[in-house]
Amino acid sequence: MAKNTICVWYDKDAEAAANFYAATFPDSAVGAVIRAPGDYPSGQQGDVLVVEFTVAGVACIGLNGGSTFKHSEAFSFQIATDDQQETDRYWNAIVGNGGQESECGWCKDKWGISWQITPRVLTEALALGGDQAKRAFEAMMTMRKIDVATIEAARRG
């Protein structure tokens with residue numbers, strides 16, 4: 001396990017989520033699956049308690065902690081994409097697997113985890129500042145899934 005690991009709380013489906021992420025994103029994998037050595041408030045001995053996994057190179061653990069805590073947009077994974085095809089692939093995988101669309105390149109997977117599927121062209125435009133950033137930002141504000149061609153056109157003015 002990495003020295004610094006993101007812990008993501010799940011009701012009971014950490015293993016299913018980890019398997020989905022590993023199948024969807026490159027440089028992702030499922031590691032150890034740790035089962036509860038005894039009963040606990042939201043589960044029983046032998047239930048999957050913790051799953052070690054990697055998402056796009058980021059070390060995580062999924063904790064099956066029960067329904068006490070809910071996810072919010074205060075935590076999200078941000079995936080930088082190189083083109084529309086890659087943007088579509090990740091967006092469609094998340095939304096098409098029981099997820100939900102949101103605004104400005106955000107969506108949620110079926111476990112309630114927020115994702116930002118962000119084309120690099122958008123990030124680069126915003127980092128430039130000035131009129132290019134303003135036009136790209138205004139275009140983004142009208143979108144759910146980011147349309148790369150529209151962002152590129154907005155950058156050019």
So which heavy atom on [X] is nearest to which on [Y], and how close?
X: Ala93; Y: Thr24; answer: CB-CG2, 3.7 Å
X: Asp11; Y: Ser67; answer: OD1-N, 3.5 Å
X: Ala136; Y: Leu122; answer: O-CD1, 4.2 Å
X: Ala29; Y: Ala22; answer: CA-CB, 3.8 Å

Matching residue for Gln84 among Asp88, Asp82, Thr87 - test: side chain to side chain donor-acceptor pair (under 3.5 Å)
Asp88
Which residue, Glu101, Glu73, His71, forms the side chain to side chain donor-acceptor pair (under 3.5 Å) with Lys108?
Glu73
Between atom [atom1] of [X] and atom [atom2] of [Y], what is the distance when rounded to the nearest 0.5 Å?
X: Gln100; Y: Ser114; atom1: CD; atom2: OG; result: 9.0 Å
X: Thr81; Y: Ile117; atom1: OG1; atom2: CD1; result: 7.5 Å
X: Thr54; Y: Phe25; atom1: OG1; atom2: CZ; result: 13.5 Å
X: Asn97; Y: Phe20; atom1: CG; atom2: CZ; result: 4.5 Å
X: Met140; Y: Asp147; atom1: CE; atom2: CG; result: 13.5 Å
X: Ile34; Y: Ile61; atom1: CD1; atom2: CD1; result: 7.5 Å

Evaluate side-chain contact (heavy atoms from CB on, under 4.5 Å) for Asn92 paired with Lys145, printing each intermediate quantity in order.
CA-CA 9 Å; Asn92 294 340; Lys145 176 175 62 176; 4.1 Å; yes
Would you call the rings of Phe75 and Phe77 parallel, tilted or perpendicular if under 30° counts as parallel and over 60° as perpendicular?
perpendicular
Hey, can you tell me if Phe53 and Tyr21 have their rings parallel, tilted or perpendicular (30° and 60° cut-offs)?
tilted
By side-chain contact (heavy atoms from CB on, under 4.5 Å), which residues pair with Gln45, not counting sequence neighbours?
Asp39
Check whether more than 12 heavy atoms from other residues, nucleotides or ligands sit under 6.0 Å from atom CD of Gln85, and answer yes or no.
no
Cluster question for you: counting only ILVMFWY and a side-chain heavy-atom cut-off of under 4.5 Å, with indirect links fine, are [X] and [Y] together?
X: Val148; Y: Leu128; value: no
X: Ile146; Y: Ile79; value: no
X: Val121; Y: Met141; value: yes
X: Phe137; Y: Trp106; value: no
X: Trp9; Y: Val48; value: no

Taking the side chain as C-beta and beyond, is there a heavy-atom pair between [X] and [Y] under 4.5 Å?
X: Ile151; Y: Met143; result: yes
X: Tyr10; Y: Glu15; result: no
X: Arg156; Y: Arg135; result: no
X: Val8; Y: Ile113; result: yes

Test item: Ser28 side-chain N/O and Ala56 main-chain N/O as donor-acceptor pair under 3.5 Å
yes
Is Asn64 reaching over with its side chain to a backbone N or O of Asp13, donor-acceptor style, under 3.5 angstrom?
yes
By side chain to side chain donor-acceptor pair (under 3.5 Å), Arg155 pairs with (sequence neighbours left out) Gln132
With a 6.0 Å cut-off on the ring centroids, do Trp115 and Tyr90 count as close?
no
